[in-house]
Amino acid sequence: MALIVHKYGGTSMGSTERIRNVAKRVAKWARAGHQMVVVPSAMSGETNRLLGLAKELSPSRPADAYHRELDALAATGEQASSALLAIALQAEGMPSVSYAGWQVAIKTNSAHTKARIESIDDSKVRADLQAGKVVIITGFQGVDEGGNITTLGRGGSDTSAVAIAAALKAHECLIYTDVDGVYTTDPRVVPEARRLHTVSFEEMLEMASMGSKVLQIRSVEFAGKYKVPLRVLSSFTEWDIDINEEAKSGTLISFEEDENMEQAIVSGIAFNRDEAKISVLGVPDTPGIAYQILGAVADANIEVDVIIQNISKEGKTDFSFTVHRNDYAKAIDLLKTQVLPKLGAQEVTGDAKICKVSIVGIGMRSHVGIASKMFRVLSEEGINIQMISTSEIKTSVVIDEKYMELAVRALHKAFDLDQIPADSARQS
Ligand code: ADP
Ligand code: ASP
Ligand code: MG
């Protein structure tokens, strides 16, 4: 008997029929003798619907003006789906109880709409499991010190599930979704994308942070920190498939790297349309300018990604970086009103129509020329590279948004990701 955490995404919870299917699947696992904790997302479209209602009522206010209320609002989506799942399980004859994050309690900091989990009290959950109940805990949310409901950022139910699995020292955390695993790239953009049997934790971390929305980045960070065994698999199979087959299906996020992994130089391609580029032009090239620009941005709680500083000409330089598109207007405004006057820089410009495309693979550590191949492929497609950033196992480029799909497809083909032999240990 093992303690298992299941997480079901929005599409998997998208209708009463699907919720019934989830209930039957969970009941199958419980009847096989496992202690089950289930973390559902809101029914698909619900979070967007709720946030849309708020926007209708207050279109002109800055987005963070009512963050506390947005969290209270958005958290109801998961509360509804969790209660519905508990009802469906009980209808299947399976004892179950649902809890909102604050009832557990899942304690977070107070960064509304992007809160971080700080602690989880497992006492109630353990008592219920001991009493033979399936425990359902809302994804995406927690409660801060002041008793305010918080949410963990879009896609945050993945993080709830992994954090709960870590707190309970679960045997495994299974992330059920609308694809049957982690692919070489988003199969909705490249139909030739192939499912990976295993992906190393480090690669998954890079892919998630570079925009592969199949797992929220923080869930992968949690899995790494607490060594939570993690698997991504389909919720769209028949609920009554053999449990042992099901337990082996999908993609395992592996903490061990084997030789096969090094063979595939590039394992995946990630892309992100959520960023915007900001340039501060004509900055005096003196010590401390990066700090003055980026320090102000960080103080405003805005995360910065790719950064470039140009070679200086006549004592002046240009400084560019990317931020999340949601923070774009706020960052530009901040730089214009507070930083530019102090720095004596000439101009702040920006471009919200960019995207970032990244190739990821632990094989890149031991092979040279991978980045240059990426640049060649893009140049052959006539795609201009605006910014580049690299790490040991990834190379990212910032390009015009309109070339994103072309770039991803061309790179997927050029790195033979559609052609990896079927008997390779990593592919199916
Ligand atoms: P859920 O609602 O279950 O959390 P998400 O929509 O958040 O599901 O994540 C699953 C989606 O992630 C898939 O439908 C797919 O379009 C997208 N995706 C992006 N990159 C990948 C990838 N490398 N492998 C698999 N899916 C990916
Ligand atoms: N319902 C939330 C969202 O749509 C959280 C999640 O689905 O993971 O972002
Ligand atoms: Mg998701």
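Note that the coordinates shown come from a computational prediction; the quantities given were computed from them, not determined experimentally. Order of appearance sets the numbers: ligands from 1, and atoms from 1 within every ligand. Positions are given from 1 along the sequence.
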Discussion item. More than 12 heavy atoms of other residues, nucleotides or ligands under 6.0 Å from NE2 of His324: yes or no?
Written reply: yes

Practice prompt. Taking atom OH of Tyr226 as the centre, report whether more than 12 heavy atoms of other residues, nucleotides or ligands fall under 6.0 Å from it.
Written response: no

So, [X] and [Y]: side-chain donor and acceptor under 3.5 Å apart, yes or no?
X      : Y      : answer
Thr151 : His112 : no
Asp180 : Ser234 : no
Arg154 : Asn48  : yes

Worksheet item: Counting only heavy atoms, which portion of Ile175 has something under 4.0 Å from ligand 1: side chain, backbone, both, or neither?
Response: neither

Worksheet, complete the sentence: Counting heavy atoms under 4.0 Å, the part of Ala270 that contacts ligand 1 is neither

Considering only heavy atoms of [X], which atoms of ligand 1 have at least one such atom less than 4.0 Å away?
X      : answer
Val182 : 24 (N)
Met207 : 23 (N)
Val179 : 13 (C), 14 (O), 25 (C), 26 (N)

[X] heavy atom under 4.0 Å from ligand 1:
X      : result
Lys7   : yes
Gly268 : no
Ser41  : no
Ser235 : no
Gln216 : no

Tell me: protein heavy atom nearest [atom], and distance?
atom                    : answer
atom 9 (O) of ligand 2  : Arg154 NE, 2.7 Å
atom 2 (O) of ligand 1  : Gly10 N, 3.1 Å
atom 7 (O) of ligand 2  : Ser41 OG, 3.1 Å
atom 8 (O) of ligand 1  : Thr177 OG1, 3.2 Å
atom 25 (C) of ligand 1 : Gly181 O, 3.4 Å
atom 21 (C) of ligand 1 : Asp186 CA, 3.7 Å
atom 23 (N) of ligand 1 : Tyr183 O, 2.9 Å
atom 14 (O) of ligand 1 : Arg188 NH2, 2.5 Å

Worksheet entry | Atom indices of ligand 2, in the order listed, that fall short of 4.0 Å to a heavy atom of Glu78 | 1 (N), 2 (C), 5 (C)

Return the minimal non-hydrogen interatomic distance between [X] and [Y], and the atom names on each side.
X      : Y      : value
Pro187 : Ala193 : CA-CB, 4.0 Å
Tyr328 : Asp351 : OH-N, 3.2 Å
Gln216 : Gly156 : OE1-CA, 3.5 Å

Worksheet item: Sub-3.5 Å donor-acceptor pair from the side chain of Thr185 to the main-chain atoms of Ile269, do we have one?
Response: yes

Discussion item. My question is simple, although I want it checked carefully: is atom 6 (O) of ligand 1 less than 4.0 angstrom from any protein heavy atom?
Written reply: no

Worksheet entry | Ile269, Val214, Val189, Asp178: member with heavy atom nearest to atom 13 (C) of ligand 1 | Asp178

Practice prompt. Could you walk me through whether Lys24 and Asp240 pass salt bridge (charged side-chain N to carboxylate O under 4.0 Å, His left out), step by step?
Written response: CA-CA 8 Å; Lys24 286 183 190 292; Asp240 56 354; over 6 Å; no

